Amino acid sequence: MTSLVKRFPRHFAWGVATASYQIEGAVNEDGRGASIWDVFSHTPGKILHGDTGDIACDHYHRMREDVNLMSQLGISNYRFSISWPRIFPMGYGQKNSRGLDFYDQLTDQLLQENIEPLVTLYHWDLPQALQEKGGWINRDTAFYFRDYAVTVFDKLGDRVHNWITHNEPWVTTVAGHIQGRHAPGLKQPNVARKVAHHLLLSHGLAVESYRDMGKGRIGITLNLHPVYPASSREEDLTAQQLHDAFHNTWFLDPVFTGTYPEELDEILPFDNDFIAEGDLNLIQQPLDFLGVNYYAPHRVRWNPDEISHASLVILPEEPITSMGWPVDAKGLTDLLIRIHYDYGPIPIIITENGAAYEDVVEDGQIHDALRQHYLEMHWDALANSIEQGVPVHGYYVWSFLDNFEWALGYSKRFGIVYVDYLTQQRIVKDSGLAYSRFLREFYEYH
Ligand SMILES: N#[N+]C[C@@H]1[C@@H](O)[C@H](O)[C@@H](O)[C@@H]2O[C@H]12
């Protein structure tokens with residue numbers, strides 16, 4: 001491992017990541033309003049086994065214990081998200097001071113333990129009251145988001161200097177409004193372009209506000225994949241192009257070039273009546289970093305029946321995680337080099353990378369060798385990216401804790417710390433112990 005630590009720069013930010021609805025629980029406490037995920041998870045048939053985020057990891061009540069565990073493991077950066085409905089129960093208007101107080105205390109606890117916060121403003125838990133006014137289909141939501149962001153900047157901005165506006169707006173758009181497998185559970189492809197635009201507009205409005213208020217760094221997190229054609233056949237090459245537009249450039253292009261990719265119009269035609277003068281200039285404002293969530297590459301073949309005109313191909317011999325995703329760390333290097341050369345030298349933070357595997361508790365330990373190997377392979381791939389000139393500034397393991405995995409409930413475990421959901425006991429997995437050793441070596445070396 002020692003050789004690996006030498007390949008990362010001194011100030012590289014190693015961390016762990018979580019999200020509010022996935023770990024906090026306490027959904028009806030201290031004035032929190034309902035989110036679309038409260039409604040969706042309580043809708044029969046939406047979540048595997050009928051799981052909900054009502055309790056999750058009970059992090060709302062165990063925050064100090066969890067922060068202390070991070071510190072014991074030598075973790076010095078923590079990415080978490082803020083629950084908008086804890087701050088504005090109705091989405092706007094009357095603030096909820098007890099909600100703000102929780103994140104105030106969390107921030108202070110982190111700083112006391114010398115852990116640097118990286119705060120995500122939106123990790124999918126829209127206030128239900130705004131959904132009832134149209135949610136992200138309604139352009140007003142972008143402005144309510146701006147007002148929410150300003151409130152949080154004002155409360156925490158003196159101690160939090162690293163911000164992410166949105167986490168994976170592609171998932172909110174596609175899983176939430178086309179596929180219906182995520183909240184708000186809509187299957188309306190005709191609104192997808194509008195939803196994506198309003199999410200990006202809200203991003204731009206928050207960045208613009210932060211530039212007036214804060215001196216720190218702000219970016220957006222996108223879930224991105226390198227896209228490989230399954231063969232050199234013309235149709236598979238076309239599939240690669242369209243799938244790349246649907247999964248990657250739909251969001252990369254507006255954020256970094258102020259345009260939407262033309263290929264997207266073949267997949268999701270739209271009349272651009274929802275794009276107002278100046279929107280795209282707002283959206284393409286300079287950022288301090290791009291957050292990249294990387295899990296696996298996409299290998300595609302032509303399939304006109306799919307929305308991206310492409311189907312994913314898993315090679316028979318390639319290893320997969322329990323999500324069915326291929327394990328291919330080189331895909332991370334390919335992705336980062338593509339971003340670097342297509343969009344310029346924007347600093348990059350890997351805001352999520354990790355793997356779900358079936359974990360078994362044996363004598364109070366979890367020997368998750370596959371997850372440990374997955375992580376180490378991706379650290380090596382990250383070092384390769386840096387050695388090829390990509391300015392990578394940080395890496396956050398998804399996830400610190402096993403947690404509520406959206407439509408899959410608690411059936412998938414991504415944590416480097418195991419959570420016994422019956423007792424709420426935390427058990428550091430072998431992968432978490434290995435990460436702790438790696439961090440110790442890194443800080444000792446530097
Ligand atoms: N699935 N999966 C794991 C992980 C999910 O738990 C996060 O909330 C998302 O940001 C992203 O999809 C990645």
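All of these numbers come straight from a predicted model, not from anything done at the bench. One-based numbering, in listed order, for ligands and for the atoms of each. When reading the values below, keep in mind they use all heavy atoms of this one structure, side chains included, and skip hydrogens, waters and symmetry mates.
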**Request:** Only counting residues at least two apart or in another chain, list the ones meeting salt bridge (charged side-chain N to carboxylate O under 4.0 Å, His left out) with R159.
**Result:** D104, D108
**Complete:** For H298, the ring-ring contact (aromatic ring centres under 6.0 Å, His included) test, sequence neighbours excluded, returns H225, H243, H247
**Asked** Can you list the residues that meet the ring-ring contact (aromatic ring centres under 6.0 Å, His included) rule with Y92, with sequence neighbours excluded?
**Response** Y144
**Asked** What pair of heavy atoms forms the shortest contact from Y395 to Y435, and how long is it?
**Response** O-OH, 3.9 Å
**Prompt:** Are V292 and V392 side-chain neighbours, meaning at least one heavy-atom pair lies under 4.5 Å?
**Reply:** no
**Item:** SB check R338 D342 (cutoff 4.0 Å)
**Value:** yes
**Complete:** Less than 4.0 Å from some atom of ligand 1, heavy atoms are found in residues Q22, H123, W124, N167, E168, N293, Y295, M323, W325, E352, W398, E405, W406, F414
